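As structure tokens, the structure follows; a few thoughts come after it.
Only this structure's heavy atoms are used, side chains among them; waters, hydrogens and symmetry mates stay out. Keep in mind that what you see is a predicted model, and the values were worked out from it rather than measured. All ligand and atom numbering here is 1-based and tracks the order in the structure.
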Amino acid sequence: MEINITALPGDGIGPEVTAEAVRVLEAVAEKFNHELKLTTEKIGGVAIREFNDPLPDQTLAACLNSKAVLLGAVGHPDFDNHPPHLRPEAGLLKIRNALGAYANLRPARLFAALADASPLKASVIEGTDMLIVRELLGGLYFGQPRGEQGDSVINTMRYSAAEVERIARVAFDLARKRRRQVTSVDKSNVLEVSRLWRQTVIGVAKDYPDVTLEHQLVDSCAMALVARPASFDVILTENMFGDILSDEAGAVVGSLGLLASASTGGPVGLYEPVHGSAPDIAGQGIANPLGAILSAAMMLRYSFDLDAEAASIEAAVERTLAEGYRTRDLTVAGEPSVSTTEMGRRVIAHLS
Ligand code: NAD
């Protein structure tokens with residue numbers, strides 16, 4: 001099969017972790033007899049520097065010509081004072097929108113070997129295996145009007161029932177392949193948007209009598225995520241709540257650097273680690289590439305229906321961690337760690 005993808009390494013540690021994910025994909029393609037057709041383009045700060053545009057036309061065209069996009073991360077402090085349309089993050093929001101990727105799937109599973117890497121007690125995190133289904137194209141990040149209005153600045157949280165319904169269906173469908181439990185997270189005690197959210201989710205749930213639905217306010221969910229993370233199966237939530245809760249889930253399972261994501265719903269899938277460009281560690285060769293590598297596995301599964309290939313990457317990651325290999329984010333001070341490239345090499349060596 002032809003695996004036709006565009007890689008957008010982006011800024012900071014993005015290129016470092018994407019390089020490892022691409023190496024893993026090359027190894028999988030060779031092992032399973034596929035042809036990897038890879039185009040690499042610029043997004044974010046590097047694209048602003050070269051083209052004065054965080055998502056240049058040629059980048060977007062390449063993405064739309066592929067079956068899937070593998071993105072590293074965007075963001076650099078140099079652009080902190082730029083106008084909104086000339087910030088790296090604008091490129092990210094534009095590509096998500098252009099690809100119609102409204103369903104952001106963020107699994108957070110505890111690898112058995114990493115029970116000691118979480119800041120939480122092993123007895124609390126044991127069995128943690130959740131999937132956060134985050135709405136990606138609505139809410140505060142896209143709502144209009146936005147920007148300066150006289151002496152105020154506004155952002156708008158807006159959702160239509162149709163937008164809530166389509167993401168809710170994704171969550172319920174995925175719950176059917178898991179433990180059949182959906183926790184819908186909102187702030188319906190305060191926000192009208194959340195009341196529409198809750199009411200719509202209740203309506204969708206009627207079509208899924210075999211799936212248990214519970215509702216949780218976002219503040220209490222944030223607490224429950226650290227108090228009883230193993231009790232969650234599928235968490236369904238809106239854009240900003242999902243952004244925040246998934247970083248928290250990353251810390252629960254050991255490191256943000258481990259978390260992968262898939263953004264689906266449009267014609268071209270978008271796959272990216274959950275973490276950002278981590279300017280504090282960029283260029284040092286110490287970033288954890290596993291979030292990017294596991295995003296590549298999600299890409300094979302969701303965009304190419306290559307389940308065995310995806311599973312072989314996931315198993316290789318599991319074996320690498322079980323043998324004790326750790327990047328620095330998974331260690332406590334003084335413990336030995338491996339570099340980004342060494343971690344990538346170890347995963348490739350464990351592919352079966
Ligand atoms: P971040 O996710 O980049 O980093 C948070 C912390 O986690 C840092 O201490 C970092 O060193 C660590 N970390 C992150 N990924 C890691 C990895 N793979 N291995 C080891 N450690 C890792 O978040 P931030 O510092 O708040 O943001 C930095 C920049 O990234 C900002 O410009 C922000 O806008 C951008 N950002 C981009 C995305 C994206 O591209 N999807 C997501 C979040 C933040």
Derivation and outcome, side chain to side chain contact (heavy atoms under 4.5 Å, CB included), residues L105 and S261: CA-CA 5 Å; L105 317 181; S261 86; over 6 Å; no

Residue contacts for ligand 1, heavy atom to ligand atom, distance under 4.0 Å: I13, A73, V74, G75, H76, E89, L92, L256, G257, E272, V274, H275, G276, S277, A278, P279, D280, I281, A287, N288, D329

Residue list, salt bridge (Lys or Arg N to Asp or Glu O under 4.0 Å) with D243, at least two apart or on another chain: R134

Non-hydrogen side-chain atoms of I235 and L225 separated by less than 4.5 Å: yes

Pair R109 + E314: basic N to acidic O under 4.0 Å: no

S255-D329 side chain donor-acceptor pair, cut-off 3.5 Å: yes

From L217, L236, V218, T237, residue fulfilling side chain to side chain contact (heavy atoms under 4.5 Å, CB included) relative to D186: L217

